[in-house]
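Structure first, commentary second.
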Amino acid sequence: DEIVFAADPDPSGAVAFHVMLEQALGASAAAVVRPMIFLPTLAPEEIERAVAAPGSTAEPAFQEWLRAGQARRFFDYNFNVNSLSVLGEALKRTSMHAAQMAPHVGMSKYGLQLLYFLRGKTFDAAADVILAMHRWQGTGKYGKHPSDSTQLGTAASQQQILTNLITLGLIACPRKQDRLRCDFTDAGTAFLDMLHPDCEDADLPFRLRQWEAEWPASRPTMERYLRTFFGKQRRFARPS
């Protein structure tokens, strides 16, 4: 007889809670203020404290997570739908292996930017690539110091982003003694050569962080970015 938010205290958890309520009970139910159990850790004493003194989904923290999650969901859906068609076409022309895997894996927004980052580089271990994603600097436009970095993906998704590039054959990670070395492949080079130069956007994580903070006012800016990104690639792939 009571619904409580006790999911991950972040944008993904908040938007998942909202979408579940909206789809199962309707928009009016999703708008109702609910108790919120904030679990910073799963230590028994923290759980007891959180249950004894629950918060509320009306709190600024939850509303900030929800706005960020909604912005991210909007961008990801529209990027992925276009990517399956537009970037998928380039993948199909890259190699037979990439063509076979493209319908199942696809090219994500951060997978593409990681691929650009890896071009011309060799890493002695996959962990070094993950560390670079964790301390993403972009072009430096959004800050000059390490404290100004953000992440390319999340701790939960970074390994999968790299794995997808390996699955597509764009990156190779052969075993070198007891470590996995990461190298760019000819297929990776061929794929990027088929893309418009403006598909490279190392600052995308910073842009998304700003759009999430400004949602829903940022929606027109996000739509314009997506139209420009995929419009340029369509014209580049099929010149008149």
- [ ] Considering only NZ, NE, NH1 and NH2 on the basic side and carboxylate oxygens on the acidic side, decide whether Glu212 and Arg72 come within less than 4.0 Å.
- [x] yes
TODO: Decide whether Gln151 and Gln158 meet the rule of one side-chain donor and one side-chain acceptor closer than 3.5 Å.
DONE: yes
Task: Nearest non-hydrogen partners of Ala29 and Leu21, listed with the distance - done: O-CD1, 4.3 Å
- [ ] Please list, chain by chain and in numerical order, all residues satisfying side chain to side chain donor-acceptor pair (under 3.5 Å) with Arg49, sequence neighbours excluded.
- [x] Glu46
TODO: Determine whether the side chains of Asn82 and Arg234 contain a donor N or O and an acceptor N or O closer than 3.5 Å.
DONE: yes
Open item on the list: For a quick check under 3.5 Å, do Ser157 and Thr154 share a side-chain donor-acceptor pair by atom type?
Closed with: yes
Task: Of all pairs that satisfy ring-ring contact (aromatic ring centres under 6.0 Å, His included), the ones with a partner from residues 84-121, not counting sequence neighbours - done: Phe117-Trp136
Task: Centroid separation Phe229 to Phe79 less than 6.0 Å - done: yes
TODO: Could you tell me how the ring of Tyr225 sits relative to the ring of Phe75: parallel (under 30°), tilted (30 to 60°) or perpendicular (over 60°)?
DONE: tilted
TODO: Determine, for Lys232 against Asp198, whether the closest basic-nitrogen to carboxylate-oxygen distance falls under 4.0 angstrom.
DONE: yes
TODO: Heavy atoms only: give me the nearest Ser95-Ala98 pair and the separation to one decimal.
DONE: OG-N, 3.1 Å
TODO: Evaluate the side-chain proximity of Leu168 to Phe191: yes if any heavy-atom separation is below 4.5 Å, no if none is.
DONE: no
Open item on the list: With a 4.0 Å cut-off on N to O distance, would you call Asp201 and Lys109 a salt bridge?
Closed with: no
Open item on the list: Please determine whether a side-chain nitrogen of the Lys or Arg among Glu214 and Arg219 lies less than 4.0 Å from a carboxylate oxygen of the Asp or Glu.
Closed with: no
